[in-house]
Amino acid sequence: MAHSSDPQVCVVIPTYNRAELLRRQLTELTRQRLAPERFEVVVADDGSSDHTAEVVRSFSGRLRIGYHFQEDLGFRAAAARNGGARMATAPLLVFLDTGVLIGPDFLAEHLAEHRQDGQEHGPAAGRGGRLVLGYTYGYNPYQPFPGLAEALAASEPEDVVRAHGHEPGFQDLRARELAGFGEDLDLGRLAAPWMAVWALNMSLPTDAFHSVGGFDEDYRSWGGEDLEFGYRVHRHGMPITLSRRAWAVESPHERDLDANRASNCANAWRLWERHPEPVMELYGAMYSRNHYDPPLEYEYRRLLEWTEKARGTDVREEVAALVAEPLPDGRRPARVVVVGAGGAHPGLPGGPSYTLVDFDERLLADVPAADGTATVHAVGLRTVLESGSADLVVLTSRLRGLWERWSGDLLAEAGRLGGTVRVAFDGDAENTGNTGNTAGAAAAVDGGRP
């Protein structure tokens with residue numbers, strides 16, 4: 001049973017060599033209207049060499065504050081957050097990045113978001129809770145809001161929000177996708193709600209954080225670890241909402257934008273490696289090239305819509321026709337990968353072994369068991385299959401609705417898998433006929449610009 005002196009919220013702040021930004025942030029925490037005994041703070045230091053530890057000690061009489069330090073072994077924000085969370089005694093975690101400034105009602109608003117059924121002390125035990133993303137003003141590294149640093153230096157965050165909160169350039173970068181959601185933003189209406197999960201301002205029950213495994217500590221460079229965490233939260237069945245009331249302001253600070261962009265690209269396919277599913281194929285293909293517009297939400301909805309539209313397309317006859325043709329060297333294919341296979345086995349007695357790849361998981365589940373047949377749930381932009389695992393790769397007409405956008409990626413992956421690639425329909429790209437050498441077919445389309 002919770003007592004009035006027990007902390008109900010733990011604020012975890014990962015940091016690295018930003019002592020003065022941290023000092024201002026901790027000062028804002030001393031201004032909280034929530035009683036000091038109701039919350040605790042853990043600074044999770046990723047190996048700082050400046051006076052961060054001294055700054056933390058200076059607040060020991062003003063905040064219930066702890067300090068987690070890990071050796072500087074390079075960027076390990078995920079490990080720092082996990083280390084800070086392990087020190088929490090409160091039932092609710094609030095994550096804030098260093099330099100994210102808050103108003104006096106910030107913690108009370110996060111706590112209120114998690115109260116259920118009139119419960120007095122935070123999230124209801126055993127109900128799973130939800131992930132609350134706090135609306136964050138001013139976060140736009142590539143187009144900083146003019147005069148924001150000066151405004152925050154001269155005024156408290158709530159005054160800055162009052163003065164500029166209506167200006168488009170100051171609003172949360174996620175606002176465009178979330179327009180029309182109203183005051184309480186239930187992201188369950190999004191196809192990929194985890195794309196809105198930014199760890200700079202968010203909260204969830206401590207037990208729920210640990211039950212989904214925390215942040216993936218294999219992320220050792222900037223970009224993607226919060227999205228990957230959000231994806232697991234979503235798959236765990238936990239609702240994700242965005243609160244306008246639990247707002248914060250991201251204060252401008254020095255960043256190596258080119259390095260961050262390169263790191264984000266390099267990490268893009270890591271999400272697919274952890275979760276090899278169609279939505280992550282789209283994510284990897286887009287983010288590995290720094291393509292964000294149209295956003296993943298749009299591309300994933302297009303895929304889901306095409307999945308429904310193509311569900312009745314039976315491709316057995318076209319596959320059989322292409323498999324019946326000899327390979328360029330006159331041999332019959334022994335290993336065939338069919339991309340866009342749908343739910344029906346081609347069914348050629350005494351024929352080759354088949355690997356059926358399709359984006360419709362429901363159809364794949366209905367594929368009858370057959371000797372030598374495997375199924376892979378994928379679009380075909382990237383698959384878990386080994387290079388050279390096929391003599392023949394067939395791209396079926398079930399891919400027609402994806403072809404204009406993703407033909408280059410589909411052909412490149414097909415070329416990686418097998419020696420001969422055959423396309424079962426006339427695409428828009430030049431030289432993508434029914435048969436062809438893998439290298440030629442893959443080269444016929446410009447690299448799949450997402």
Side-chain angles (χ1 to χ4, degrees), residues 2-70 77 80-115 120-123 132 134 136 152-153 155-161 199-206 209 243 245-251 253:
H3 301 281
S4 59
S5 60
D6 293 337
Q8 296 303 298
V9 184
C10 178
V11 183
V12 177
I13 305 172
T15 194
Y16 177 72
N17 284 346
R18 289 177 176 167
E20 292 309 310
L21 278 175
L22 177 65
R23 187 191 303 278
R24 171 70 188 275
Q25 190 172 35
L26 295 177
T27 300
E28 298 300 340
L29 282 164
T30 67
R31 298 175 56 239
Q32 293 301 289
R33 293 196 177 102
L34 189 68
E37 66 271 14
R38 299 286 305 282
F39 69 94
E40 60 189 0
V41 180
V42 177
V43 175
D45 191 342
D46 190 16
S48 294
S49 58
D50 64 0
H51 55 292
T52 291
E54 178 185 334
V55 168
V56 174
R57 284 193 296 271
S58 72
F59 282 85
S60 60
R62 304 162 66 187
L63 293 169
R64 185 180 241 168
I65 194 165
Y67 183 57
H68 168 77
F69 180 86
Q70 62 188 30
R81 291 189 183 101
N82 288 347
R86 285 192 293 269
M87 292 180 62
T89 65
L92 185 68
L93 291 173
V94 172
F95 289 95
L96 277 178
D97 280 358
T98 304
V100 175
L101 303 181
I102 59 178
D105 293 317
F106 175 79
L107 291 181
E109 294 292 359
H110 265 290
L111 187 59
E113 291 283 355
H114 291 273
R115 288 197 179 108
E120 182 180 356
H121 297 295
V132 174
T136 304
L152 288 171
S155 306
E156 295 293 356
E158 61 268 28
D159 298 323
V160 176
V161 170
L200 78 173
N201 173 12
M202 71 179 196
S203 63
L204 76 164
T206 304
F209 175 80
S243 169
R245 292 181 290 273
W247 60 264
V249 181
E250 214 261 355
S251 54
H253 55 270

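Position 1 is the first residue of the sequence, and the numbers go up from there.
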Taking it one step at a time, do F39 and Q32 satisfy side-chain contact (heavy atoms from CB on, under 4.5 Å)? CA-CA 10 Å; F39 69 94; Q32 293 301 289; 4.1 Å; yes
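- In this structure a side-chain-to-backbone donor-acceptor pair under 3.5 Å is present from T98 to P14.
- Judged by distance alone, with hydrogens and angles left aside, the side-chain atoms of Q25 form a donor-acceptor pair with the main-chain N or O of V100 at under 3.5 Å.
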Between R23 and S58, is the side-chain contact (heavy atoms from CB on, under 4.5 Å) condition met? List the steps. CA-CA 9 Å; R23 187 191 303 278; S58 72; 4.1 Å; yes
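- The existence of a salt bridge linking E28 and R24 is confirmed by a sub-4.0 Å separation between a basic side-chain nitrogen and an acidic carboxylate oxygen.
- Side-chain N/O atoms of E250 and T136 include no donor and acceptor closer than 3.5 Å.
- Looking at N201, its side chain never comes within 3.5 Å of a backbone N or O of L101 through a donor-acceptor pair.
- The backbone N or O of F69 sits nowhere less than 3.5 Å from a side-chain atom of D45 that would complete a donor-acceptor pair.
- Although no hydrogens or angles enter the test, the distance criterion places a donor-acceptor pair under 3.5 Å between the side chain of H253 and the main chain of S251.
- Of the possible polar contacts, one joining the N17 side chain to the D50 backbone as a donor-acceptor pair under 3.5 Å is found.
- With rounding to the nearest 0.5 angstrom, the CD atom of Q70 is 10.0 Å from the OG atom of S48.
- Remark: aromatic rings of F95 and F209 are close, center separation under 6.0 Å.
- The pair R18-D97 does not meet the salt-bridge criterion, since no charged nitrogen lies less than 4.0 angstrom from a carboxylate oxygen.
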